[in-house]
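Numbers restart at 1 for each chain; the letters A, B, ... are given by sequence-line order, proteins then strands. Computed from a predicted structure; not experimentally measured.
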Amino acid sequence: MIDFKEKLVDLFIEKYNQFERGEILEIIEIPPQEDMGDLALPCFKFARVFRKAPNLIAEEICANLASNEYFQEIRNMGPYVNFFVNKELIARSVINNVYVQGERYGSSTLGEGKNVIVEFSSPNIAKPFSIAHIRTTVIGHALRNIYKFLGFNTIAINHLGDYGTQFGKLIVAFKTWGDRETVEKDPIPELLKLYVKFHDVAEEKPELEDEAREWFKKLEEGDEEAYQLWQWFRDVSLKEFNRIYEMMGIDFDSYAGESFYSDKMNAVIELLEEKGLLKDSEGAKIVDLEEYNMPPALITKSDGSTLYITRDLAAAIYRKQTYDFYKNIYVVGSQQNLHFQQMFKVLELAGFDWAKDCIHIPFGMVSLEEGTMSTRRGRVVFLEDVLNKAVEKTREIIAEKNPDLPDKEKVAREVGIGAILFQELSHSRIKDYLFSWDTALSFEGETGPYVQYTHARACSVLEKAGVKTFADIFAINGKETTVEPGRALENVDYGLLLEDEAYQVIKQIYTFPESIIKAMERNEPFLITRNIIDLAQAFNKFYHEYPILVEDPELRKARLLLVLCTKIVIKTGLKLLGIESPEKM
RNA sequence: GCGCCUGUAGCUCAGCAGGAUAGAGCAACGGACUUCUAAUCCGUAGGCCAGAGGUUCGAAUCCUCUCAGGCGCGCCA
């Protein structure tokens, strides 16, 4: 695709060769308003060099640059020189690229040969999968898709919370009050009840806590009874989780959770010992990080059992050995900022230069109107309920608006679940947010259903026109049905796509690939969400303003190309976010 | 107490390696369906960018302080 920024630099450097390409490229901006053109060169920075007011410099630069095939106009606007790209050319370039790449438009080979680990979701076994887990799950999944699309080899790891003292607690609770049959029937809620009961009773009888630690120790030492129970808790929980992942269309390459590293812990402790990093402190072993302005990292408890960070260290080392990652990404809430800082620092101190390739991607908390979520207090919103409610609401809307729709149930699921996922991916990660049913179930404006609706609308026009592919459209006013990339597009009149509304659609599609790269660089999927919302808005405006299925075959052809490109890009964008694009809704 | 994060329209948020008149959506109000899906589109209204200082030709954006909220800070994960 034509890079107009580069072309601008070419044009400028040709006259002003005393500047570096990079420094010019860096200052190019996008003007705040449409009537100011597509790119702008601010002249403030030149003031010192030319010893003149920016206004005058702009005037002079403008006079020295002549429009060419890439820029149809170059305008002096105060301290800025503004560039208007050749609309016909950009239309052609964009459409040609979508035509050649199809649903791979925006993809890249940037990451070829590089392994990227994305650790996400990682629920705790025997606890409900609540909306607190939705963020890591959805953001992580989108990131994995994005890296993959850019050519990286991705490894999606669900680092299950399937180990730790909590299982000691659960074993104690189950042995004291539990009943196998009841748990089998409705595993997670029943296990949750046991867990809650444990905490209630333990407030009066703190010796239960000791008992729990005792059982966890037994588990670590391979006690048969403890192991059997643990295995069973894990199996029934995983079965439930997988049902939810399936609803959301998410899968993993590995479910190696904390327990997976239980036999790799000693090696870590030995290693840290060897490097002289370990210190005894009140019976526990720590790595002192005072020098780095951090509290110490607790590696083993005074009873010798391991902790969270120990397992995470073991996991990181194992992953480096197994996958030789280029990046090891942890999609985990911002509450754990300190934990990851400590852990990465310990890796660095242990002499692993790849510690710098470990990246924590934090995100804000989800809370409920009635306060912070607390599984212990039973203050939870189950993710499955949220998804089901969204599907239910979609069913109602379909019954009202489109009762003759085929595949109603499938569409209801795609749209309902899409709405939830989309909402999750429409803000920057770091902000905390309040879960509200109203927002989650709102389907108008900047929402998933809006974007999906736009896609369905585009599909519907294409269907009415009787075209499916680019070749179908090229054939409209000519004989060619099979054509080579690049050539066929010559028989389209791009001058027919110059209206402002059409041009906005083209521009939006032009920026789609950049938005994917940015989303990867910043690990912010919402940048893609933003991009396709803007595309949908631009398209809907165009759609409203201009009829597509017009008599004039050349105009019809050009407009249909715009529709097809929009459809493809929206579909690709949604797919990256993990959302389906129904053709009718 | 110390550390990290957040504060932009009534609400939810963009914009923050400084740049032109601070943008969307929701909610409110008013318009547009015998013509390609009205889950749409158009318009009106809504702002001391938390506050105060500073740096700069220029600050929502950078620095300092203050205020408000969230999170974290040794035997949970």
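- Considering A:L577, A:V138, A:T529 as possible partners of A:E424, the one that fulfils the side-chain contact (heavy atoms from CB on, under 4.5 Å) test is A:V138.
- The aromatic ring centres of A:F260 and A:Y318 sit less than 6.0 Å apart.
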Within the sub-3.5 Å range, which N or O atoms of nucleotides 5-13 of chain B have a protein N or O partner, and how far apart are they?
from, atom 1, to, atom 2, distance (Å)
B:G7, OP1, A:K431, NZ, 3.4
B:C13, O2', A:H427, ND1, 3.3

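- Residue A:I286 is in base contact, counting any heavy-atom pair closer than 4.0 Å across all strands shown.
- When the C1' atom is used for both B:C67 and B:A27, the distance is 29 Å, rounded to whole Å.
- A gap of 35 Å separates the P atoms of B:G46 and B:U55, to the nearest Å.
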Give the C-alpha distance, both sets of side-chain angles, the deciding distance and a yes or no for side-chain contact (heavy atoms from CB on, under 4.5 Å) between A:K279 and A:V287.
CA-CA 6 Å; A:K279 268 195 352 204; A:V287 177; over 6 Å; no
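- In the set B:C73, B:C36, B:A20, B:A20 carries the atom at the smallest distance from any side-chain atom of A:A40.
- Using a 3.5 Å distance cut-off with no hydrogens or angles, the side chains of A:R429 and A:N523 do not pair a donor with an acceptor.
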Using a cutoff of under 3.5 Å, can you pull out all pairs of nitrogen or oxygen atoms linking the protein to nucleotides 39-45 of chain B, with atom names and distances?
from, atom 1, to, atom 2, distance (Å)
B:A39, OP2, A:K401, NZ, 2.6
B:A39, O4', A:K401, NZ, 3.3
B:U40, OP1, A:G445, N, 3.3
B:U40, O2', A:R457, NH1, 2.8
B:U40, O2', A:R457, NH2, 3.4
B:C41, OP1, A:Y450, OH, 2.5
B:C41, O2', A:H544, ND1, 3.0
B:C42, OP1, A:K541, NZ, 3.1

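- For the residue pair A:Q452/A:E580, the side-chain donor-acceptor check at 3.5 Å is not satisfied.
- Side-chain atoms of A:S281 and base atoms of B:G74 include a donor and an acceptor less than 3.5 Å apart.
- Ranking B:C73, B:G15, B:A77 by closeness to the A:L307 side chain, first place goes to B:A77.
- A distance-only check finds a donor-acceptor pair linking the side chain of A:K408 to the backbone of A:P403 [under 3.5 Å].
- Contacts between residues 23-34 of chain A and RNA chain B, defined by a heavy-atom separation under 4.0 Å, are made by A:E29, A:P31, A:P32, A:Q33.
- Side-chain rings of A:F443 and A:Y450 stay apart, their centers remaining 6.0 Å or farther from each other.
- At whole-Å resolution of the value, CD in A:Q335 and P in B:C76 are 19 Å apart.
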What dot-bracket string describes RNA chain B from 5' to 3', counting Watson-Crick and G-U wobble pairs whose defining distances are under 3.5 Å, with [ ] for crossing pairs and | for pairs to another strand?
(((((((..((((.....[...)))).(((((.......))))).....(((((..]....))))))))))))....
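- In terms of phosphate contacts, A:R213 brings a side-chain nitrogen or oxygen within less than 4.0 Å of OP1 or OP2 of B:C76.
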Polar atom pairs (N or O), protein with nucleotides 55-62 of chain B, under 3.5 Å:
none

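- B:A17 takes the syn form, because its glycosidic angle lies no more than 90° either side of 0.
- When the P atom is compared between B:U6 and B:G15, the two are found 12 Å apart, to the nearest whole Å.
- Annotation: B:A60 and B:U8 have their C1' atoms spaced 7 Å apart (nearest Å).
- Side chains of A:T310 and A:K264: no donor on one and acceptor on the other come within 3.5 Å.
- For B:C75, neither phosphate oxygen OP1 nor OP2 lies less than 4.0 angstrom from any side-chain nitrogen or oxygen of A:K285.
- For A:R213, the salt bridge (charged side-chain N to carboxylate O under 4.0 Å, His left out) partners two or more places apart in sequence, or in a different chain, are A:D210.
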